[in-house]
Amino acid sequence: MHSMVPLALMATTIGFAPTAQVYDARIYDRDSRLLAEARFDAAGDTFTVTKRSADGGRAYLEFRYVRVDGTVQTGRHQGPATADASVSFGHDFGEGRRLTFRVCVTEEHGFNPCSGTADGENWTVAYA
């Protein structure tokens, strides 16, 4: 009878897989117009950067990822310069690992505005 409990428990957990998440980051101008957005799709470990506004500079994405050995991988992906154009970048992050990313827009005066979140941070937290 005791051997049935683990077997029953195993039967209820087989086939359970966490749902892959999609995480978004957006940047707006002072008039609340969407300038650019970035998305991380955990199912494919893929970033997509989309420029939304014809105004302003080029969109780009920055990310940070802590590997299992504790080293930090950082990167930057150049996005499109054309409004409503997208570009995607694939990675092979460890499953369930935490990473952060943000989308920014290059400006001509040296200040590159970047995305913000509801809690005031400008890095979006995601899980591969």
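Throughout, numbering of the chain's residues begins at 1 and tracks the sequence.
- Checking side-chain atoms of Ser115 against main-chain N and O of Val103 turns up a donor-acceptor pair under 3.5 Å.
- Distance check: Asp41 CG to Gln21 CD gives 10.0 Å after rounding to the nearest 0.5 Å.
- Contacts of Tyr60 classified as ring pair (Phe, Tyr, Trp, His ring centres under 6.0 Å), with partners at least two apart in sequence or in another chain: none.
- A distance of 10.0 Å separates NE2 of His77 from OG of Ser88, quoted to the nearest 0.5 Å.
- Shown are Pro113, Cys104, Cys114; of these, the side-chain contact (heavy atoms from CB on, under 4.5 Å) with Asn122 is made only by Cys114.
- Taking 4.0 Å as the cut-off between side-chain N and carboxylate O, Lys51 and Asp84 do not count as a salt-bridged pair.
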Intermediate values then yes/no, side-chain contact (heavy atoms from CB on, under 4.5 Å), Arg52 and Thr50
CA-CA 6 Å; Arg52 292 294 182 195; Thr50 305; 3.4 Å; yes
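- Closest of all the heavy-atom pairs between Phe93 and Leu99 is CD1-CD2, 3.8 Å.
- Separation of atoms CD (Gln78) and CZ (Phe89) is listed at 8.0 Å; rounding is to 0.5 Å.
- Closest heavy-atom contact between Tyr127 and Gly96: CD2-O, 3.7 Å.
- To the nearest 0.5 Å, atoms CG (Leu61) and CZ (Arg76) are separated by 10.0 Å.
- Of all heavy-atom pairs spanning Ala36 and Ala59, the tightest one is CB-CB, 3.7 Å.
- Judged as a salt bridge (Lys or Arg N to Asp or Glu O under 4.0 Å), not a single pair has a partner in residues 63-72 (not counting sequence neighbours).
- Remark: the backbone N or O of Arg33 is not paired with any side-chain donor or acceptor of Asp31 at under 3.5 angstrom.
- One finds the OG1 atom of Thr100 at 10.0 Å from the CD atom of Glu62 (value rounded to the nearest 0.5 Å).
- Judged purely by atom type and a 3.5 angstrom limit, Arg97 uses its side chain to pair as donor or acceptor with the backbone of Val66.
- A donor-acceptor pair is defined here as one N or O able to donate and one able to accept, closer than 3.5 Å; such a pair exists between the side chain of Arg58 and the backbone of Gly79.
- At least one side-chain heavy atom of Pro80 sits less than 4.5 Å from a side-chain heavy atom of Val49.
- Here Phe47 pairs with Phe40, Phe63, His91, Phe101 under the ring pair (Phe, Tyr, Trp, His ring centres under 6.0 Å) rule; sequence neighbours left out.
- Here the closest non-hydrogen pair linking Tyr23 and Ala42 is CE1-CB, 4.5 Å.
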